[in-house]
Amino acid sequence: MVVTATEFKANFGKYLELITKEDVFITRNGKTVAKVVNPQVSAVDSLRGMLNDLSSDIDLDSLREERLLKYENHV
């Protein structure tokens with residue numbers, strides 16, 4: 001979810017609850033200035049949720065390899 005800094009401040013409690021389900025990106029003047037995440041959710045679990053087209057047996061090593069390949073292709 002993306003919210004403005006003003007909206008986040010005005011409804012802090014609402015967004016604290018939302019963070020248990022998804023990351024919250026805070027913007028100021030149209031630019032993202034912060035990302036608030038749930039510390040109880042691992043990065044691997046978050047990525048699995050975004051990678052619906054892949055099987056559920058993705059492990060940390062395969063995710064790391066994929067990220068490195070993408071990085072090498074952009075350099």
Side-chain angles (χ1 to χ4, degrees):
M1 164 150 304
V2 178
V3 299
T4 65
T6 303
E7 168 69 13
F8 186 79
K9 283 192 321 185
N11 296 294
F12 184 71
K14 170 185 166 183
Y15 292 108
L16 278 181
E17 289 181 30
L18 183 63
I19 291 165
T20 63
K21 299 175 189 149
E22 63 183 281
D23 296 344
V24 175
F25 294 86
I26 303 169
T27 63
R28 182 180 291 149
N29 298 323
K31 296 182 180 181
T32 301
V33 295
K35 176 182 174 184
V36 184
V37 299
N38 182 340
Q40 304 302 318
V41 177
S42 74
V44 173
D45 291 338
S46 295
L47 289 174
R48 278 192 190 128
M50 291 187 285
L51 302 172
N52 292 330
D53 59 332
L54 300 174
S55 66
S56 63
D57 61 351
I58 297 172
D59 62 11
L60 185 57
D61 291 331
S62 63
L63 288 173
R64 184 178 296 119
E65 288 175 25
E66 181 70 24
R67 187 179 70 227
L68 289 173
L69 285 172
K70 287 181 181 180
Y71 175 76
E72 290 170 0
N73 291 333
H74 284 63
V75 174

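Looking at Tyr15 and Ile26, their side chains never come closer than 4.5 Å, going by heavy atoms from C-beta outward.
With rounding to the nearest 0.5 Å, the separation of OG1 in Thr4 from CZ in Arg28 is 10.0 Å. Remark: Lys14 NZ to Glu7 CD distance equals 5.0 Å, nearest 0.5 Å.
Taking both residues in full, the closest heavy atoms of Ile19 and Val36 are given as CD1-CG1, 3.1 Å, listed atom of the first, atom of the second, then distance.
Note on Leu18 and Leu16: same hydrophobic cluster, where clusters join Ile, Leu, Val, Met, Phe, Trp and Tyr whose side-chain heavy atoms are under 4.5 Å apart, directly or indirectly.
The only option from Thr6, Thr32, Val3, Val33 that meets the side chain to side chain contact (heavy atoms under 4.5 Å, CB included) definition with Thr27 turns out to be Thr32.
By the salt bridge (Lys or Arg N to Asp or Glu O under 4.0 Å) test, Lys31 is found to be paired with no residue, residues two or more places apart in sequence or in another chain being considered.
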